[in-house]
> 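What follows is a single structure, and I will ask about it in a moment.
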Amino acid sequence: MSEQLPPAPEVAHEVFHGAAMGRAEAFADLLAGPGVVRGLLGPREVPRIWDRHLLNCAVIAEAVPPDVRLVDIGSGAGLPGIVLAIVRPDIRVTLLEPLLRRTVFLNECVDALELPNVEVLRARAEEVAGEREFDVATARAVAPLDRLLTWAMPLLGTGGMLLAMKGERAAEELDGAESQLRASGARTAELVTVGHGKVEPPATLVRVIAGPKPQTGRRHEGARDGDLRGRHEVAKRGARRRRKR
C-alpha cells in the first residue's frame with residue numbers, strides 16, 4: 001500500500017507566497033508520484049514531504065543573498081535546489097547532478113513547474129570547476145563536509161558561500177574538516193540555524209565563506225592557514241555557546 005501525501009500544513013502558506021505555493025504543491029505531487037516510482041525518494045518519506053523536505057529546504061532561503069547565482073551540488077530530486085528556485089525567483093539556480101535518471105526527472109520538474117530561473121546540468125562538480133563560477137553553493141546529504149569542500153570551493157568566487165545542510169552532526173563535521181578548510185582557502189566557517197518558528201527543529205547549516213583561490217608558496221599558505229585557524233576557532237566557540245543555551 002502506497003503512502004499518502006498529506007495536505008500542505010498552514011505554515012507552508014507563510015513560507016511559500018503567491019504563485020510559489022501552487023508550485024510547491026505541484027512539486028510535492030511530483031516527489032510523491034514519479035519521484036517515488038523512479039527511486040529518487042523512498043515511499044516512507046511521502047508523509048514527511050512537507051515538513052522534512054519542502055519546508056526544511058525552503059527555510060535555507062533565509063541565508064541566501066538576493067540576486068545570486070546558486071549551484072545545488074548533487075541535486076538528486078531537486079532538494080534543496082528546486083525548492084529554493086520556487087521560493088526565491090530572484091536567484092538563478094543550477095541543478096548539478098551527474099546521474100542521467102535524476103537529470104531526466106529534474107528537467108521534467110523544471111518544465112512542469114515552469115521555472116525560468118533554473119537550469120539542469122549533468123556533470124560532476126570537479127568537471128565544472130574552472131568553467132563556471134557561482135556566488136552560493138548548496139548541498140544536502142551529499143557527502144561529509146571535508147569531502148564536500150573539495151567539490152564546492154572550486155566553484156565559488158572570492159566571498160562566495162557554501163551552505164551545507166547538516167543535522168545533529170554539524171558541529172562534529174565542522175571540527176573534523178579544519179584541515180580541509182585551510183587547504184581549500186576558506187575565509188570563515190560557522191554553524192547557522194534557519195527556520196525558527198517554521199520548522200522544528202530549525203535547520204542547521206554549515207556556512208563557509210570562500211577566500212581567494214589557494215596559491216602555491218609556503219609563505220602565502222602559512223599566513224592564510226594562521227588567519228583561518230583564528231577565525232575558525234572564533235566560529236567554533238560561538239557554535240559551542242549556542243549549543244549550551
Side-chain angles (χ1 to χ4, degrees), residues 16 19-20 23-24 26-28 30-31 34-35 38 40-41 53-54 56-143 145 147-166 184-186 192 194 203 205-211 213:
F16 298 97
R23 286 191 172 101
F27 187 40
L30 288 166
L31 290 172
R38 300 184 194 182
L40 278 78
L41 199 71
H53 298 288
L54 298 186
N56 206 43
C57 289
V59 296
I60 301 174
E62 296 175 14
V64 177
D67 302 312
V68 295
R69 299 161 298 171
L70 183 148
V71 59
D72 187 31
I73 300 172
S75 195
L79 302 167
I82 285 181
V83 180
L84 290 172
I86 290 173
V87 77
R88 288 285 301 277
D90 62 298
I91 66 176
R92 290 159 287 168
V93 177
T94 296
L95 306 177
L96 187 60
E97 171 57 52
L99 295 184
L100 177 60
R101 67 183 179 88
R102 293 176 180 173
T103 56
V104 169
F105 175 78
L106 291 172
N107 275 306
E108 290 175 359
C109 289
V110 171
D111 291 342
L113 302 175
E114 298 181 350
L115 294 171
N117 58 329
V118 181
E119 67 166 342
V120 179
L121 181 58
R122 186 187 174 197
R124 300 184 183 277
E126 53 267 38
E127 296 170 341
V128 179
E131 301 294 329
R132 301 279 296 272
E133 186 173 278
F134 302 90
D135 305 303
V136 178
T138 56
R140 182 181 193 240
V142 173
L145 182 61
R147 193 188 316 160
L148 178 60
L149 286 165
T150 67
W151 300 336
M153 300 303 279
L155 299 177
L156 299 172
T158 301
M161 177 191 308
L162 167 64
L163 296 173
M165 294 188 71
K166 298 292 181 181
S184 62
V192 295
V194 292
L205 310 175
V206 175
R207 179 168 59 193
V208 181
I209 305 299
K213 291 289 189 293

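The residues of the chain are indexed from 1 along the displayed sequence.
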> Tell me, please, which residues at least two apart from E127 pass salt bridge (Lys or Arg N to Asp or Glu O under 4.0 Å).
none
> Residues in side-chain contact (heavy atoms from CB on, under 4.5 Å) with A129, at least two apart?
P154, L155
> Can you list the residues that meet the side-chain contact (heavy atoms from CB on, under 4.5 Å) rule with A63, with sequence neighbours excluded?
L163, V194, L205
> How far does CZ of F105 sit from CD1 of I82, to the nearest 0.5 angstrom?
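If we round to the nearest 0.5 Å, F105:CZ and I82:CD1 are 6.5 Å apart.
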> List for me each residue that meets side chain to side chain donor-acceptor pair (under 3.5 Å) alongside R88, sequence neighbours excluded, and say none if there are none.
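Scan of R88 (side chain to side chain donor-acceptor pair (under 3.5 Å), adjacent residues dropped) gives D90.
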> Apply the test side-chain contact (heavy atoms from CB on, under 4.5 Å) to residues L162 and F134: give CA-CA distance (whole Å), side-chain angles for both, the deciding distance (0.1 Å), then the verdict.
CA-CA 10 Å; L162 167 64; F134 302 90; over 6 Å; no
> Can you sort out the partners of R102 under side chain to side chain donor-acceptor pair (under 3.5 Å), two or more places apart, ordered by chain and number?
none
> Write down the atom of V208, the atom of M153, and the distance for their closest heavy-atom approach.
CG1-CE, 3.8 Å
> Quick one: side-chain contact (heavy atoms from CB on, under 4.5 Å) partners of V142, sequence neighbours excluded?
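side-chain contact (heavy atoms from CB on, under 4.5 Å) check on V142 returns A139, W151.
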> In chain order, what residues pass the salt bridge (Lys or Arg N to Asp or Glu O under 4.0 Å) check against R207, with sequence neighbours excluded?
E190
> Quick one: does L54's side chain get under 4.5 Å of L31's, heavy atoms only?
yes
> For R23, which residues count as a salt bridge (Lys or Arg N to Asp or Glu O under 4.0 Å) partner, sequence neighbours excluded?
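Result, salt bridge (Lys or Arg N to Asp or Glu O under 4.0 Å) vs R23: none returned.
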> Side chains of H53 and V83: closer than 4.5 Å at any heavy-atom pair?
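Counting from C-beta outward, H53 and V83 never come under 4.5 Å.
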> Which heavy atom in P65 sits nearest to a heavy atom in V136, and how many Å separate them?
CD-CG2, 4.1 Å
> Not counting sequence neighbours, list each pair that qualifies as a side-chain hydrogen bond (donor to acceptor under 3.5 Å, both in side chains) and has a residue in residues 108-125.
R38-E108, T94-E119, E119-R132
> Drop me the distance from T150's OG1 to L145's CG, to the nearest 0.5 angstrom.
10.0 Å
> Could you report the tightest heavy-atom contact between C109 and L30, atom names first, then the distance?
SG-CD1, 3.8 Å
> Of all heavy-atom pairs between A203 and N56, which one has the smallest distance, and what is that distance?
CB-OD1, 3.6 Å
> Would you say L115 and I86 make side-chain contact, with heavy atoms under 4.5 Å?
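Of all side-chain heavy-atom pairs linking I86 with L115, at least one is under 4.5 Å.
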> Here's a test for you: under side-chain contact (heavy atoms from CB on, under 4.5 Å), which of V118, V68, V120 qualifies with V93?
V118
> How would you list all residue pairs meeting salt bridge (charged side-chain N to carboxylate O under 4.0 Å, His left out) that involve residues 150-165, not counting sequence neighbours?
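Pairs touching residues 150-165 that pass the test: none.
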> Report the distance from atom CD of E97 to atom CG of L121, rounding to the nearest 0.5 Å.
10.5 Å
> Does any part of the side chain of V71, heavy atoms only, come nearer than 4.5 Å to the side chain of V128, both counted from C-beta?
no
> Would you tabulate the side-chain donor-acceptor contacts of residues 72-80 under 3.5 Å, counting partners in other chains and residues two or more places apart, or write 'none'?
| from | atom 1 | to | atom 2 | distance (Å) |
| --- | --- | --- | --- | --- |
| D72 | OD1 | T138 | OG1 | 2.9 |
| D72 | OD2 | S75 | OG | 2.7 |
| D72 | OD2 | G81 | N | 2.9 |

> Can you see which heavy atom on A58 is nearest to which on L84, and at what distance?
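Nearest heavy atoms, A58 then L84: O-CD2, 4.3 Å.
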> With sequence neighbours left out, what residues match E133 under side-chain contact (heavy atoms from CB on, under 4.5 Å)?
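For E133 the side-chain contact (heavy atoms from CB on, under 4.5 Å) partners, ignoring immediate neighbours, are K213.
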> Hey, could you give me the CG/CG distance between L106 and L99, rounded to the nearest 0.5 Å?
10.5 Å
